[in-house]
Chemist: 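Below is one structure. I have some questions about it.
Lettering follows sequence order; numbering is per chain, from 1.
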Amino acid sequence: MPAAKIAPSKTAGSSQSPLLSLWKAYYESTSTRLKTIDAFLVFLMLSGIIQFLYCVLITNFPFNAFLAGFASCVGQFVLAASLRAQVNPANRSEFKDVSPERAFADFALGSIVLHFFVYNFLG
Amino acid sequence: MRFLRTLLFPLVALTSLALARSSTGDTVLVLLEPSLKKENFSIFFGDLEKKGYKLTFRSPKDTTPEIIKDDVAQFAHVVVFAPETKTFAGDITPQTLVSLLSKKTNLLLALSPKQTPLSSLAAEFTLILPPPGTPLISHFPKRDTPATVVPVEPPRAHHIISDGLAPVWFSGVPQALGNSPMLVPLLQAPPQAFASDADSDSGADALVEAAEKSGEGLWAGSSLSLVTGFQALSNARATWVGGIEIFSDEYINKEISKGVKSGNRQFVKDVAAWTFQEANVLRIDTVEHHRVNETLPRETYTINNQVTYTAYISQYDPELDLWEPYSGINDLQLEFTMLDPHIRTSLPPVAGEPGKYSVSFRVPDRHGVFKFNVDYKRKGWSYLSSTTVVPIVPPRHDEYPRFLSAAWPYYAGAFSTSAAFLLFVALWLAGDEREPKKGKGSKAE
């Protein structure tokens, strides 16, 4: 079954670009949860880049607001990335004593604390 | 208030009609030379007494009554009619006369072509006198008096001298004016007049020659002053008159042309009224400052506040012996100063409210100890000055704007992160049921 699955993608890969085949492989072999996390990570990354460009090109005037906005993206990104590492079945051997539920609880608690600090620092 | 005032006005006017006098006091000491008879000046002194002044006469060589006793000036005004006295009593020196000015005593001093201590004192007031023995001479217009008795046209539209006066008889010494801004010329010489040795008119040439050689001012023409006022910083006034005859009954009654009396009587009255601080006397009653839309002053103001400053100014009314609100100043200025004036703005009179001058302005974007300064010095008017110190502070920590439009991408970033987090949590928990199966499936693989 897996071999049959790989074979058509390989034949398709030869005719399509490697980027497209990479995307297809990712799309097919990644679970919905991890995809959700990845979408979240991409969103955070774009948001952080936009804020950084705004700071560099236009103004960093309320600098505390920039720090809060940017740090919320970076912090959330780090937390989401560690959640991804812990719930990824491929890493099961590394996180034997951390269940996905425990990892999610850590992530949620860490995020709430992060947002608390961010809103204190924002205004 | 206004009703009360209209009620009180006729009353006050009636009682003070006989007492109308100077704003600073009614005692006058007249130092009269023995050679000059009091009777020769009866009209001038009579007019003063009619106004309510109490005249005390003393010879320059007498020692009583004292001018200054225990460092207190004993008279509100001193008239020095001693143009030819060379030695005065011990308590009358140039120094005491100057100290009288700082004690707010007004002086009326007469000069003569002779060299006396007074003519050297005149130099301290930046009046430059011609050499001794050179009175004012004019050969025009043709008249039957000596060349040293000159009819002088009084100034027109002057804020001290009444308008429409007949020419004034003058004989005495002219003064060239130095560059002191405190001098107020009250009577200027006619353009054809000059100072010269009266006996030999040919001396005029010698004078021109001397003037060219020494570079000193030439004592000729209408730039010469005959009666000069001087207002000290204490607001005390000193008036120098080139000759004593201008006050005499003889000159007051002398006809300027057939049937027309000279203007001397009104002229010397005006000069005395100015010198004794009856006329052109102003004062600042109170000043106020507060934020716009408030009424009480603040202990401190914050940078960029809108602040209103108000001054109330009165003029002395000698007829009623009252201070009346005065709105006639159009060039008053307010300075808001910390070392330098950060703001200098006009302080205009408020229409409909007599005596009130007000302006609103924005406090500079600078903190420190500032002063509201009003400094009004105009020739012939009392000097007005007022200084109020106010500290200007930066905003307190909670007075800054909280959310700025420049920061909206950062706010949007923070809020969208939170929103995305909540969405993510919702998706994660919603997807929880399917997950175990998949997890088992992947485990099975």
Side-chain angles (χ1 to χ4, degrees), chain A residues 1-2 29 31-37 39-44 46-55 58-77 79-80 83 87-90 92 100-101 104 107-108 110-112 114-116 118-119 121-123, chain B residues 291 300-306 342 362-368 392-445:
Chain A
M1 182 74 177
S29 63
S31 72
T32 324
R33 282 208 143 155
L34 292 186
K35 275 187 202 152
T36 318
I37 294 178
F40 191 34
L41 290 175
V42 168
F43 166 75
L44 289 171
L46 289 177
S47 171
I49 287 170
I50 289 169
Q51 287 179 54
F52 187 75
L53 286 180
Y54 183 79
C55 174
I58 298 173
T59 176
N60 66 355
F61 164 50
F63 194 60
N64 59 313
F66 163 71
L67 286 182
F70 191 66
S72 84
C73 289
V74 173
Q76 192 68 73
F77 187 91
L79 289 170
L83 175 69
V87 298
N88 193 351
R92 184 49 49 85
E101 290 75 17
F104 179 73
F107 163 77
S111 299
I112 288 167
L114 172 73
H115 288 228
F116 176 77
V118 162
Y119 287 113
F121 211 57
L122 193 64
Chain B
R291 276 204 207 169
T300 60
Y301 294 105
T302 308
I303 57 170
N304 295 330
N305 271 177
Q306 288 286 338
H342 283 55
R362 189 177 65 89
V363 169
D365 196 357
R366 187 89 192 266
H367 65 266
I392 302 299
V393 297
R396 291 169 59 86
H397 73 280
D398 57 352
E399 285 177 335
Y400 289 97
R402 182 102 207 193
F403 296 101
L404 305 175
S405 59
W408 72 261
Y410 306 135
Y411 303 144
F415 283 106
S416 67
T417 306
S418 296
F421 166 71
L422 290 175
L423 184 69
F424 172 76
V425 169
L427 284 176
W428 183 280
L429 294 177
D432 209 15
E433 286 153 37
R434 278 178 297 157
E435 201 52 32
K437 287 177 210 162
K438 250 193 181 173
K440 271 171 200 164
S442 60
K443 256 182 202 168
E445 281 168 22

Chemist: Side chain, backbone, both or neither: which part of A:Leu44 has a non-hydrogen atom closer than 4.5 Å to chain B?
Modeler: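 Only the side chain of A:Leu44 comes within 4.5 Å of chain B.
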Chemist: Is the centre of the B:Phe424 ring less than 6.0 Å from the centre of the A:Phe43 ring?
Modeler: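 No.
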Chemist: Are any of the side-chain heavy atoms of A:Leu79 and B:Phe421 separated by less than 4.5 Å?
Modeler: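 Side-chain contact under 4.5 Å: no.
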Chemist: At a 4.5 Å cut-off on heavy atoms, which part of B:Phe403 comes close to chain A: side chain, backbone, both, or neither?
Modeler: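 The side chain, not the backbone.
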Chemist: Can you tell which of A:Cys55, A:Ala65, A:Ala71, A:Gly48 has the highest number of heavy-atom pairs within less than 4.5 Å of chain B?
Modeler: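 So the answer, after comparing A:Cys55, A:Ala65, A:Ala71, A:Gly48, is A:Ala65.
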Chemist: Taking side chain as everything from C-beta outward and backbone as N, CA, C, O, which of these in A:Leu114 sits under 4.5 Å from a heavy atom of chain B? Side chain, backbone, both or neither.
Modeler: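 Neither the backbone nor the side chain of A:Leu114 comes within 4.5 Å of chain B.
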Chemist: To the nearest 0.5 Å, tell me how far A:Asn64 CG sits from B:Tyr410 OH.
Modeler: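 One finds 10.5 Å between CG of A:Asn64 and OH of B:Tyr410.
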Chemist: Can you say whether A:Phe70 sits under 4.5 Å from chain B via the side chain, the backbone, both, or neither, judging by heavy atoms?
Modeler: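 For A:Phe70, no heavy atom lies under 4.5 Å from chain B.
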Chemist: If you round to the nearest 0.5 Å, how far is OG1 of A:Thr36 from CG of B:Leu423?
Modeler: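 Here the interatomic distance stands at 9.5 Å.
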Chemist: At a 4.5 Å cut-off on heavy atoms, which part of A:Phe61 comes close to chain B: side chain, backbone, both, or neither?
Modeler: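 Looking at A:Phe61, just its side chain touches chain B.
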Chemist: Using non-hydrogen atoms only, which part of A:Gln76 is less than 4.5 Å away from chain B: side chain, backbone, both, or neither?
Modeler: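 Contact with chain B is through the side chain of A:Gln76 alone.
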Chemist: Measure A:Thr59 against the heavy atoms of chain B and call it side chain, backbone, both or neither at under 4.5 Å.
Modeler: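 Its backbone and side chain both get close to chain B.
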Chemist: Side chain, backbone, both or neither: which part of A:Leu83 has a heavy atom under 4.5 Å from chain B?
Modeler: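 Contact with chain B: side chain only.
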Chemist: Around atom NE2 of B:His342, are there more than 12 heavy atoms from other residues, nucleotides or ligands closer than 6.0 Å?
Modeler: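 For B:His342, atom NE2 is crowded (more than 12 foreign heavy atoms under 6.0 Å).
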Chemist: Heavy atoms only: give me the nearest A:Ser72-B:Ala414 pair and the separation to one decimal.
Modeler: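 Closest pair (atom of A:Ser72, atom of B:Ala414, distance): OG-CA, 3.8 Å.
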Chemist: If you count the non-hydrogen atoms of other residues, nucleotides and ligands that lie under 6.0 Å from CZ in A:Phe52, is the total more than 12?
Modeler: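 No, not enclosed.
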Chemist: When heavy-atom pairs shorter than 4.5 Å are enumerated against chain A, which of B:Ala412, B:Ser418, B:Ala406 gives the highest number?
Modeler: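 Among the listed options, the one with the most contacts to chain A is B:Ser418.
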